[in-house]
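Fair warning: this is a prediction, and the values are worked out from it, not measured in the lab.
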Amino acid sequence: MFKKQECVAMLLAGGQGSRLYTLTEKTAKPAVRFGGKYRIIDFPLSNCVNSGIFTVGVLTQYQPLQLNEYIGNGRPWDLDRGQSGVRVLPPYQGKDGADWYKGTANAIYQNLNFINRYDPDYVLILSGDHIYKMDYDKMLTAHKETGADCTIAVLEVPIEEASRFGIMNTDDNMKIVDFEEKPKVPKSNKASMGIYIFNTDVLRKYLIEDEADPNSSKDFGKNIIPKMLADGMKMYAYPFSGYWKDVGTIQSLWEANMDLLGETPEFDLRDRKWRIYSRNYSDPPQSIGKYARISNSLITEGCVIEGIVENSVLASGVKVARGAYIKDSIIMKNVVIGEGTTINYSIIDSDTTIGAGCVVGRTKSSGEQITVIGSDLELRPGTDVAGGEMVNDAWLENNK
């Protein structure tokens, strides 16, 4: 018998992340590294713990190996608990056969048994690919005060960008009166953050009905939310005003990393009142060589820096040889950069070696796109990788 929980969190972490291209060829988007020592999924997991929610189901599907290994027993986030804690929930075979998650709603539907075992009053549904800090307990309090059946977190975006989002139109009391999925001419700028709180009995009812509908896309934004509004259910928007970034594209991932830099960063990871937890390994202190020069950068433990690093984020174990120059770039774990190599406006994925004398990317001011080098690769000395290239095994084969 499992102990009853007031609120259970369900974290959707199974997305392919195709717009991150080579960065997600071998791993799920929520497992992509961020900010030197974190992964994207650390942020919603840490938000849960900081908000007092200690029962979390993580729904995985695409390339789950690294993500499953990383989460493990949940200890880094204080989620290694007996009957609660974090549980990884992949698709499974039941008596009627096996089925992949067909949409966000279907993923939750397939895990109603996990929810039911805790008999929660409320279910918090989260996405695993956003960077932000948020107190879900305050959102839950607002949900209870309004007597809502569903509360949806919203963020005001520039009206010219509103057509990229699901838009919530509300009355003066923040009650949702209309929902538009990526409208061409938006009526408001209240964008859905993909964060929902449902009364459990309401959620269960609509998931079961949606699953029985052969014409449904099995999606919250396309099906569940519009159906609830059409039925006159009480739905409220919860305004959020802090930093929030959907890091589903190369550009947004790069921007979010750059937002960590500076004396007063736009997104501050040093706030001890709202710590972001991660699974960190015992690396030695970083070593900064005699000829190294570093400015406006994050350098994680285990790095050995002999070259020049400007306006960049370096993960643990990165080695930068003498004469190498890195600017406006993200260098992930255990990358080795050879002598005399220049890296501009690029993202280099983990465990890749960049040979001596290479030129990777072009300056940000040149107008070229971000260059991306995948993981576990080796660039031969002298290789020139143009701006905007996506380098993987196939690229190396074609550019011998």
Side-chain angles (χ1 to χ4, degrees), residues 7-12 14-15 57 59 99-116 120-127 130 136 139-157 159 161-240 244 246:
C7 183
V8 166
M10 301 294 281
L11 178 50
L12 297 164
L59 285 65
D99 203 356
W100 294 111
Y101 295 146
K102 296 187 288 287
T104 54
N106 174 259
I108 303 298
Y109 170 82
Q110 288 199 40
N111 288 283
L112 280 175
N113 285 339
F114 173 81
I115 295 172
N116 292 339
D121 300 311
Y122 310 101
V123 178
L124 169 66
I125 297 176
L126 306 168
S127 175
H130 300 151
Y136 304 135
M139 182 177 173
L140 180 58
T141 298
H143 176 84
K144 291 186 282 190
E145 288 176 348
T146 59
D149 297 302
C150 173
T151 298
I152 301 173
V154 297
L155 181 74
E156 291 192 359
V157 299
I159 193 67
E161 297 181 16
S163 59
R164 296 172 42 222
F165 300 90
I167 297 297
M168 302 293 165
N169 302 310
T170 69
D171 64 17
D172 293 340
N173 296 316
M174 297 301 289
K175 184 176 182 180
I176 300 171
V177 297
D178 184 35
F179 170 72
E180 303 173 283
E181 180 67 19
K182 298 182 179 179
K184 291 183 179 180
V185 184
K187 299 174 185 175
S188 83
N189 65 340
K190 297 184 179 73
S192 170
M193 297 169 64
I195 300 171
Y196 313 107
I197 293 179
F198 288 91
N199 294 346
T200 305
D201 55 347
V202 172
L203 176 64
R204 187 184 297 113
K205 172 182 179 296
Y206 277 89
L207 287 178
I208 292 172
E209 290 178 0
D210 185 69
E211 188 64 23
D213 181 359
N215 298 315
S216 172
S217 300
K218 317 302 182 192
D219 185 81
F220 279 102
K222 294 178 182 177
N223 306 111
I224 300 292
I225 302 305
K227 182 65 166 62
M228 290 181 66
L229 277 172
D231 290 348
M233 304 299 289
K234 291 183 68 176
M235 305 182 72
Y236 281 82
Y238 177 79
F240 177 75
W244 179 86
D246 181 343

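Listed here is the closest heavy atom pair of Pro183 and Ala162: CD-O, 4.3 Å. Among all heavy-atom pairs drawn from Met174 and Val154, the shortest one is CE-CG2, 4.4 Å. Listed here is the closest heavy atom pair of Ala107 and Asn111: O-ND2, 2.9 Å. The nearest pair of heavy atoms linking Met139 to Ile197 is CG-CD1, 3.7 Å. Pairing each heavy atom of Ser188 with each of Asn169, the nearest pair is OG-OD1, 3.1 Å.
Applying the salt bridge (charged side-chain N to carboxylate O under 4.0 Å, His left out) test to Lys205 and every residue at least two apart in sequence or in another chain returns Glu209. In terms of the ring-ring contact (aromatic ring centres under 6.0 Å, His included) criterion, residue partners of Phe220 (sequence neighbours excluded) are, by chain and number, Tyr196, Phe198. In this structure Tyr109 satisfies the ring-ring contact (aromatic ring centres under 6.0 Å, His included) test with no other residue, sequence neighbours excluded.
Here the side chain of Asn173 pairs no donor or acceptor atom with the backbone of Lys175 at under 3.5 angstrom. Using modelled atom types, one side-chain atom of Lys234 and one backbone atom of Thr146 make a donor-acceptor pair closer than 3.5 Å. Looking only at distances, no side-chain donor or acceptor of Asn189 sits under 3.5 Å from a matching main-chain atom of Glu156. Side-chain atoms of Lys184 never come within 3.5 Å of backbone atoms of Ser163 as a donor-acceptor pair (strictly under, hydrogens ignored). Checked by atom type and distance alone, the side chain of Lys218 pairs as donor or acceptor with a backbone atom of Asp213 at under 3.5 Å. A donor-acceptor contact shorter than 3.5 Å links the side chain of Thr200 to the backbone of Asp121. Listed for the Asn199 side chain is a donor-acceptor partner under 3.5 Å among the backbone atoms of Ala148.
Looking at Leu126 and Tyr136, their side chains come closer than 4.5 Å, going by heavy atoms from C-beta outward. With a 4.5 Å cut-off on side-chain heavy atoms, Leu59 and Gln110 do not count as touching. Using a 4.5 Å heavy-atom cutoff, the side chains of Val8 and Phe114 are in contact. A heavy-atom distance below 4.5 Å is found between the side chains of Val202 and Met228.
Using the six-membered ring where Trp is involved, His143 and Tyr122 have ring planes that are perpendicular, over 60° apart on the 30 and 60° scheme.
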I would like to know whether Asp231 and Tyr206 meet side-chain contact (heavy atoms from CB on, under 4.5 Å); could you show each step before the answer? CA-CA 11 Å; Asp231 290 348; Tyr206 277 89; 2.7 Å; yes
Pair Ile167-Lys187, side-chain contact (heavy atoms from CB on, under 4.5 Å): steps then yes or no: CA-CA 8 Å; Ile167 297 297; Lys187 299 174 185 175; 5.9 Å; no
Worked verdict on Ile108 versus Leu12 for side-chain contact (heavy atoms from CB on, under 4.5 Å): CA-CA 9 Å; Ile108 303 298; Leu12 297 164; 4.0 Å; yes
Set out, in order, the CA-CA distance, both residues' side-chain angles and the distance that settles side-chain contact (heavy atoms from CB on, under 4.5 Å) for Leu229 and Val177, then state yes or no. CA-CA 7 Å; Leu229 277 172; Val177 297; over 6 Å; no
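For the atom pair Asn106 CG and Glu211 CD, the distance stands at 4.5 Å (nearest 0.5 Å). Interatomic distance, Ser192 OG to Ile225 CD1, rounded to the nearest 0.5 Å: 7.5 Å. The distance from the OG1 atom of Thr104 to the CG atom of Asp219 is 3.5 Å, given to the nearest 0.5 Å. One finds the OG1 atom of Thr151 at 7.5 Å from the CD1 atom of Ile176 (value rounded to the nearest 0.5 Å). Atoms CG and CE, on Asp178 and Met235 in that order, are 11.5 Å from each other to the nearest 0.5 Å. For the atom pair SG of Cys150 and CG of Leu203, the computed distance is 8.5 Å after rounding to the nearest 0.5 Å.
Between Lys227 and Asp210 there is no salt bridge, since no side-chain N of the basic residue sits under 4.0 Å from a carboxylate O of the acidic one.
For Lys144, the NZ atom counts as densely surrounded, since its 6.0 Å shell holds more than 12 non-hydrogen atoms of other residues, nucleotides or ligands.
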